[in-house]
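Order of listing sets the numbers, starting from 1, for every ligand and every atom in it.
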Amino acid sequence: MKILLIEDEPKVASFIKKGLEEQAYEVDQAYDGFFGAKLALQNNYDVVVLDLILPKMNGLDVCREIRNQKSSVPILMLTALGTTDDKIVGLDAGADDYLTKPFEFKELLARIRALNRRSGESSSTEKLVLADLEMDAIKKSVTRAGKSISLTAREFTLLQYLLRNKGRVISRVDILENVWETSFDTGSNVIDVYINFLRKKVDKGYDNKLIHTLVGMGYVLKEQDEV
Ligand code: CA
């Protein structure tokens with residue numbers, strides 16, 4: 001996932017950037033609104049994190065500029081001001097969500113994930129591919145080597161999440177939050193059970209296994225390493 005961070009305060013910016021990179025997000029940075037708007041319109045980002053008070057062009061104007069150019073990139077506004085009026089002005093300018101400083105980093109992460117999820121759901125042209133495995137989100141179809149695979153709704157959502165994050169190690173907590181939309185680990189082995197369902201449908205009978213377990217870390221969807 002690629003994130004644009006527009007924040008002028010060096011300490012805050014580097015704190016956020018470091019935290020996001022620890023989550024394996026790719027981060028581009030701008031320290032003023034003018035450059036930030038330019039980057040946002042030049043590149044494809046999954047989420048823009050935008051401070052309100054910025055040099056050259058404030059966050060509201062950056063937001064308006066991005067929306068005027070017909071970009072629908074999800075925007076999360078950051079600000080030290082937290083009154084309802086400020087919030088409404090930000091949302092009116094085209095921001096999708098709002099976070100008041102100071103915030104806890106995990107709150108920022110949760111908001112980013114939620115925005116990314118929402119935009120993923122609304123994109124109607126989504127096709128996800130890994131090796132010979134293909135998923136078409138509109139048709140709700142999955143094929144491996146051209147052969148159709150029949151999945152339940154939950155299996156489909158789980159595989160979609162893994163495909164969107166292919167190559168990345170996904171923890172059980174990530175899966176619970178994003179596929180089951182809960183952060184409570186019930187202590188059950190529900191995730192392992194579903195991963196096994198997917199394995200049987202996706203990998204069984206193929207030499208090139210795509211679903212891998214990393215003991216103590218989670219799962220990763222990728223092509224088998226060369227031996
Ligand atoms: Ca600022």
Checklist entry - Arg117 and Asp174: salt bridge (charged side-chain N to carboxylate O under 4.0 Å, His left out), yes or no, with the steps? => result CA-CA 12 Å; Arg117 189 160 63 230; Asp174 290 332; over 6 Å; no
Item to check | Those residues that, when tested against Phe103, pass ring-ring contact (aromatic ring centres under 6.0 Å, His included) (two or more places apart) | outcome: none
Checklist entry - Taking 4.0 angstrom as the limit, do Arg144 and Asp132 come out as a salt bridge? => result yes
Next on the checklist: Which residue in the set Ile149, Leu128, Asn208 passes side-chain contact (heavy atoms from CB on, under 4.5 Å) when paired with Leu133?
Outcome noted: Ile149
Checklist entry - Hey, which N, O or S atom on Asp8 ends up closest to the Ca ion (ligand 1)? => result OD1
Checklist entry - Counting backbone and side chain alike, does Ile53 bring an N/O/S atom below 3.0 Å of the Ca ion (ligand 1)? => result yes
Checklist entry - Quick check: does Asp51 put an N/O/S atom under 3.0 Å from the Ca ion (ligand 1)? => result yes
Checklist entry - Do any of the N, O or S atoms of Glu9 sit under 3.0 Å from the Ca ion (ligand 1)? => result no
